[in-house]
Undergrad: 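Sharing a structure, written as structure tokens. Questions coming.
This one's a predicted model, so the numbers in the text were calculated from it and none came from an experiment. We count residues from 1, following the sequence as given.
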Amino acid sequence: MLKRLKIRASELGDLQNIGMLPPVARRSGDPMYCVEMVDALATDYHHTRLGCAIWWDFDLKRPTFLPEHIEWSPPDVPFYPFDDEEQQSWARRYYKQKKACAPGAYPDPARLARYRSRMEVKATKAFERKHGIKRPRQFRGIDVRIRGVRVKITRVKLFNLVWSKTMIRAGADLGITETALRGLCKRNMIPLPTRGHFNWKDPKKRPPKPALPRTK
């Protein structure tokens with residue numbers, strides 16, 4: 001890809017930092033890019049545009065690699081040399097902080113990592129929609145094995161289960177003991193009813209069911 005776009009590895013990193021070349025997948029940690037996107041950017045115009053984006057000066061409104069005595073005006077393209085307003089706004093803040101801390105490193109690498117991750121997810125979803133790729137939904141819940149018994153259930157369903165019947169019966173439904181169920185709920189921050197909660201024949205007299213707390 002570097003040969004196709006005629007850029008260096010360091011320049012690729014700079015373009016990733018401003019979201020202009022986000023990968024659409026990863027294999028063994030290595031980024032993978034959309035061939036159509038690379039081909040679209042492999043023109044002389046886009047080669048100049050990518051170079052301008054890397055060396056852009058928002059105060060001068062021109063790339064800094066040009067000498068000051070050379071007259072230059074950007075093409076009549078919205079947000080040149082960036083793709084859209086969001087990308088331009090992010091690049092403005094990123095370059096401002098980077099310039100303020102030069103020659104040191106970028107002062108907020110965690111924020112930069114979050115932006116790169118968000119751009120990668122956005123590019124991946126766009127790539128999947130365009131090519132009709134549907135990924136299976138990931139199971140977001142509890143999936144553990146307790147003494148040979150596999151328990152696979154969402155936190156919400158487990159929360160509703162332990163508040164609908166006694167712990168012994170709820171554990172029997174899952175195939176585990178009451179003690180194991182209590183430990184499972186404790187590890188997953190699921191509040192439990194007090195002992196004797198279901199002794200009240202009238203459900204209205206029972207202590208109210210609390211809200212399920214969020215996990216970190």
Side-chain angles (χ1 to χ4, degrees), residues 1-138 140 216:
M1 189 187 75
L2 298 178
K3 292 182 179 179
R4 181 78 171 126
L5 295 179
K6 300 177 183 179
I7 58 176
R8 295 187 292 268
S10 59
E11 293 174 331
L12 174 61
D14 292 335
L15 292 171
Q16 287 177 343
N17 289 337
I18 56 178
M20 294 190 72
L21 278 176
V24 297
R26 289 187 178 271
R27 179 180 294 173
S28 301
D30 296 328
M32 302 177 67
Y33 301 87
C34 175
V35 176
E36 296 176 358
M37 177 188 69
V38 175
D39 289 340
L41 294 175
T43 63
D44 292 338
Y45 166 76
H46 285 294
H47 179 71
T48 304
R49 184 177 74 95
L50 295 178
C52 290
I54 295 173
W55 298 98
W56 192 255
D57 190 313
F58 283 97
D59 295 328
L60 301 176
K61 295 182 180 180
R62 58 183 287 164
T64 56
F65 60 76
L66 289 177
E68 294 183 1
H69 65 275
I70 296 181
E71 294 184 3
W72 184 85
S73 58
D76 188 14
V77 179
F79 314 116
Y80 183 89
F82 305 98
D83 294 332
D84 50 42
E85 185 177 6
E86 180 186 5
Q87 189 180 91
Q88 185 186 55
S89 176
W90 160 257
R92 183 187 297 273
R93 296 194 302 271
Y94 171 68
Y95 286 157
K96 183 178 180 180
Q97 278 194 287
K98 186 178 179 181
K99 185 177 180 180
C101 297
Y106 183 72
D108 195 351
R111 183 184 182 190
L112 177 59
R114 288 194 300 269
Y115 181 80
R116 289 182 62 161
S117 177
R118 184 164 65 90
M119 291 297 101
E120 182 175 338
V121 170
K122 188 176 180 180
T124 301
K125 289 183 178 180
F127 179 83
E128 291 176 348
R129 285 195 302 268
K130 185 175 181 179
H131 295 84
I133 301 174
K134 293 185 178 180
R135 295 180 181 268
R137 283 191 173 184
Q138 294 182 350
R140 295 184 179 180
K216 294 182 180 180

Undergrad: In sequence, state the C-alpha distance, the side-chain angles, and the governing distance for Ile54 and Trp56, and then conclude on side chain to side chain contact (heavy atoms under 4.5 Å, CB included).
TA: CA-CA 6 Å; Ile54 295 173; Trp56 192 255; over 6 Å; no
Undergrad: Looking at every non-hydrogen atom in both residues, tell me the closest pair between Cys101 and Pro107 and how far apart they are.
TA: SG-CG, 3.6 Å
Undergrad: Could you go through Asp59 and Lys96, starting from their C-alpha distance and side-chain angles, then the distance that decides it, and tell me whether this counts as salt bridge (Lys or Arg N to Asp or Glu O under 4.0 Å)?
TA: CA-CA 10 Å; Asp59 295 328; Lys96 183 178 180 180; over 6 Å; no
Undergrad: Please determine whether the number of non-hydrogen atoms from other residues, nucleotides or ligands lying under 6.0 Å from atom CG of Asp84 exceeds 12.
TA: yes
Undergrad: Donor-acceptor pair, Gln16 side chain versus Arg116 backbone, under 3.5 Å?
TA: no
Undergrad: Check whether any side-chain heavy atom of Leu12 sits under 4.5 Å from a side-chain heavy atom of Met1, and report yes or no.
TA: yes
Undergrad: Say whether, by atom type as modelled, one donor and one acceptor occur between the side chain of Thr124 and the main chain of Glu120 under 3.5 angstrom.
TA: yes
Undergrad: State, to 0.1 Å, how close Pro23 and Ala123 come at their nearest heavy-atom pair, and which atoms those are.
TA: O-CB, 3.9 Å
Undergrad: For the backbone of Asp83 and the side chain of Gln87, can you confirm whether one donor and one acceptor N or O come within less than 3.5 Å of each other?
TA: yes
Undergrad: Would you say the side-chain atoms of Trp55 pair up with the backbone N or O of Leu66, donor to acceptor, closer than 3.5 Å?
TA: no
Undergrad: If the test is ring-ring contact (aromatic ring centres under 6.0 Å, His included), which one of Tyr94, Phe58, Trp90 qualifies with Phe82?
TA: Phe58
Undergrad: Between the main-chain N or O of Asp30 and the side-chain N or O of Arg27, is there a donor-acceptor pair closer than 3.5 Å?
TA: no
Undergrad: Rounded to the nearest 0.5 Å, what's the gap from NZ on Lys3 to NZ on Lys6? Could you check?
TA: 13.0 Å
Undergrad: Rounded to the nearest 0.5 Å, what separation is found between the SG atom of Cys34 and the CG atom of Leu21?
TA: 11.0 Å
Undergrad: Below 30° counts as parallel, above 60° as perpendicular, anything between as tilted: where do the rings of Tyr80 and Tyr45 land?
TA: tilted
Undergrad: Should Ile18 and Met119 be marked as a side chain to side chain contact (heavy atoms under 4.5 Å, CB included) after you check the CA-CA gap, both sets of side-chain angles, and the distance that decides it?
TA: CA-CA 9 Å; Ile18 56 178; Met119 291 297 101; over 6 Å; no
Undergrad: If I take atom NZ from residue Lys125 and atom CD1 from residue Ile133, how far apart are they, to the nearest 0.5 angstrom?
TA: 14.5 Å
Undergrad: If you compare all heavy atoms of Lys98 against all heavy atoms of Asp14, which two are closest, and at what distance to 0.1 Å?
TA: NZ-OD1, 4.0 Å
Undergrad: Which heavy atom in Arg49 sits nearest to a heavy atom in Leu41, and how many Å separate them?
TA: NH2-CD2, 3.6 Å
Undergrad: Please tell me if the side chains of Val35 and Tyr33 come closer than 4.5 Å, counting only heavy atoms from C-beta onward.
TA: no
Undergrad: Measuring from atom CG of Asp57 to atom NZ of Lys99, what distance do you get when rounded to the nearest 0.5 angstrom?
TA: 5.0 Å
Undergrad: Hey, what do you get for CG (Leu5) to CD (Glu11), rounding to the nearest 0.5 Å?
TA: 10.5 Å
